[in-house]
Amino acid sequence: MEHSFLDRYSHLGSVIHNLDARTKVLSFLTLMIVTVLTPPQCWPVFLFHLGLIGLTLRLSRIPVRYVLTRSLIIIPFILMVSLFVPFLPVNQPAGGYSLGPGSLLLGRTHLLVFWNVLIKGLIGVLAVIVLSSTTPFPRLLEALKKFKVPSLLTLLLGFIYRYFFVLLDEVLTIKRAVDSRGYRGRTIWQVKTLGRMLGQLFLRSYERGERVYLGMVARGFQGLPKTITPSRMQGADYVFLSAFFSATVISQIIFR
Amino acid sequence: MHIPDGFLSNTINLTTVGLSGLTMVVALKKARQELTEKEIPLVGVTAAFIFAAQMINFPVAGGTSGHFLGAALASILLGPWLSFIIIALVLILQCLGFADGGITALGSNIANMGLIGGMGSYLIFRFFQFLLPTNRRGFLAASAVASWFSIVLASLACALELGLSRTSPFSLVIPSMVGFHALIGIGEALITVAVLSAVLTARSDLIRTWRMEKTASELGQL
């Protein structure tokens, strides 16, 4: 059946796509940790990190629009924090807005809290999107295995990914069956049917998942998807890794 | 309930990473002992189901968003340890692959949803299973209560962390998070009961806690 894969664009060919998964995991992990540890006042550091992500994005030739749309995922949290910000204790006022009878003062700390959350959340989300859109999932698993992540965890991670598509197929099948019978699912009386559909979805996915698993075992599955070319750290990896590392470190020294 | 990067203080992040890490070590050990090869597809499908269901975020008034958690479903199907591992993996995957939840907040997210939501709801489930009659209806009622608590307790933990990190004041974040999740919890309970009742009808052999209940009641009759 047709559905778009979760790690869309991860099979493009570019300088970034060709890097070893370990390089990318390490680089972006460093970037995210450094970002979170940076005090909110050091805005040039954040700008620099955004630039670094932008450069990687440019090199990887992933559509910028796609990355920006995906990054909207942090909006609910940003909204939540922005709602709470006016209620934090005020010190130095930086501005205000009035709401009918009462007016609220915005302090410097308020804006700082909001900025802190906004920029760190955004950088984290962008880094992860670039990582997942440049690395096919089996490669990511391979990298985790090489980082000595327990095998039960990589095995189950692989299955979540594998079975997600089994589940999606079953959803589409059930949806087609339901559509052809004119079910709308709009009124409260149809909740019971919706519940049955969910239960069926689980059972059908399980039974198909079991067959998938037996098929995999029969074909020699031993815990991780096999890749035709084993991944190796090459010259480009070391260059990228050291460039990324030194860039994040230098940004801390220069811009702080 | 997936907290992004930058919302929590470093102390909170480090504490919850330690807590989740320790639980993970124990859970992996326990899971290796009790997991049979036959159960691998069930664990995989449960995890994929929860992963898929958690992706459907619906906005709640006040700017927060809610979603199906699935921690109670996993712990009733597979026991507390596997449930913790499943939720943790789903969160890791969402964080690494889909930017849902920050990488530095991963410890807190796992502690909230896997430890408190998953293992906590298991304890609540077992308690109500003990109180209620050992039949289908009692079993489903216990799972409804446990799944409601799983989401409310997880949101309480999330609110406490946000408050302790001074990102939002306690007096606002706790009532709003817990209040809205008390409503979301009803949806959570409906979904959990729907799935469990289907499995109970067709393949009751798949539910660990049901097997435990059956052996216990059969022993009582002897």
Side-chain angles (χ1 to χ4, degrees), chain A residues 6-7 29 32-33 35-37 70-71 73-74 76-77 79-84 87-88 113 116-117 119-121 123-126 128-129 131-132 137 140 150 152-153 155-157 159-164 166-168 171 191 194-196 198-203 205-206 209-210 212-213, chain B residues 2-7 10 13 24 28 31-32 35 37 40-49 51-52 57 59 62-65 85-86 88-90 92-93 95-100 102-104 162 166-169 171-173 176 190-191 193-199 201-203 206:
Chain A
L6 292 171
D7 45 358
L29 199 64
M32 281 183 261
I33 291 172
T35 301
V36 170
L37 295 180
R70 282 276 307 272
S71 68
I73 203 162
I74 53 167
F77 264 92
L79 280 178
M80 186 182 88
V81 171
S82 62
L83 275 182
F84 290 148
F87 299 100
L88 290 170
V113 165
N116 184 35
V117 158
I119 193 68
K120 289 179 179 174
I123 290 177
V125 164
L126 288 175
V128 164
I129 293 171
L131 171 68
S132 67
F137 197 74
L140 214 54
L152 186 61
L153 293 184
L155 172 85
L156 290 179
L157 265 180
F159 269 114
I160 298 177
Y161 187 77
R162 176 68 187 83
Y163 283 152
F164 181 76
V166 171
L167 208 74
L168 210 55
V171 168
V191 159
L194 207 64
R196 293 247 163 92
L198 271 177
Q200 270 306 308
L201 170 66
F202 188 84
L203 278 174
S205 310
Y206 168 69
E210 200 177 25
V212 167
Y213 176 65
Chain B
H2 291 61
I3 309 172
D5 284 320
F7 283 72
N10 296 334
N13 278 335
M24 184 54 104
L28 278 174
R32 275 204 200 94
L35 183 68
E37 212 203 338
I40 290 178
L42 181 63
V43 180
V45 168
T46 311
F49 186 84
F51 173 72
N57 273 276
T64 39
S65 75
I85 296 177
I86 286 176
L89 282 177
V90 166
I92 292 172
L93 196 59
C95 164
L96 274 183
F98 312 99
D100 202 359
I103 215 162
T104 50
L162 287 170
R166 294 174 185 279
T167 308
S168 357
S171 54
L172 282 159
V173 74
S176 63
L190 286 176
I191 295 176
V193 168
V195 172
L196 283 176
S197 73
V199 180
T201 310
R203 293 290 304 267
L206 295 180

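Order of the sequence lines sets the chain letters (A, B, ...), proteins ahead of strands, with each chain counted from 1.
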Working to the nearest 0.5 angstrom, can you tell me the gap between A:Y161 OH and B:F51 CZ? 9.0 Å

Heavy-atom distance under 4.5 Å to chain B: side chain of A:I123, backbone, both or neither? neither

Side chain from CB out, backbone as N, CA, C, O: work out which of these in A:I119 comes under 4.5 Å of a heavy atom of chain B, or both, or neither. neither

Compare every heavy atom of B:A52 with every heavy atom of A:F164, then report the nearest pair and how far apart it is. CE1-CB, 3.6 Å

CZ/B:R203 to CG/A:L203 distance, rounded to the nearest 0.5 angstrom? 8.0 Å

Whatever's closer than 4.5 Å to a heavy atom in chain A on B:L196 counts as neither

Counting only heavy atoms not in B:R32 (residues, nucleotides, ligands), do more than 12 fall under 6.0 Å from its CZ? yes

With a 4.5 angstrom heavy-atom cut-off, is it the side chain or the backbone of A:L167 that approaches chain B, or both, or neither? side chain

Once rounded to the nearest 0.5 Å, what's the spacing between atom CG of A:L37 and atom CG of B:N10? 5.0 Å

Provide the closest heavy-atom pair for A:F202 versus B:V195 in the form atom of the first, atom of the second, distance. CG-CG1, 3.7 Å

Contact leader toward chain B among A:L157, A:L155, A:V171, A:T35, where contacts are heavy-atom pairs under 4.5 Å: A:L157

State, to 0.1 Å, how close A:L152 and B:A31 come at their nearest heavy-atom pair, and which atoms those are. CD2-CB, 4.0 Å

Minimum heavy-atom distance between B:A198 and A:Q200, given as atom pair plus value: CB-N, 4.4 Å

What option among B:G44, B:A47, B:A202 has the most heavy-atom pairs under 4.5 Å with chain A? B:G44

Minimum heavy-atom separation for B:A194 and A:G195, please, with both atom names. CB-O, 3.5 Å

Counting only non-hydrogen atoms closer than 4.5 Å, does B:S197 touch chain A with its backbone (N, CA, C, O), its side chain (CB onward), both, or neither? neither

Inter-residue atom distance A:Y213.OH - B:E37.CD, 0.5 Å rounding: 3.5 Å

How long is the gap from CD1 on B:I85 to CG on A:L156, to the nearest 0.5 Å? 7.0 Å

Side chain / backbone / both / neither for A:L153 at chain B, heavy atoms under 4.5 Å: both

Can you tell which part of B:V90 gets under 4.5 Å to a heavy atom of chain A, answering side chain, backbone, both or neither? both

Rounded to the nearest 0.5 Å, what's the gap from CG on B:L42 to CZ on A:F159? Could you check? 12.0 Å

Between A:N116, A:V166, A:V212, A:I160, which shows the greatest number of heavy-atom pairs under 4.5 Å with chain B? A:I160

Should B:M24 and A:P150 count as side-chain neighbours, where that means a heavy-atom distance under 4.5 Å? no

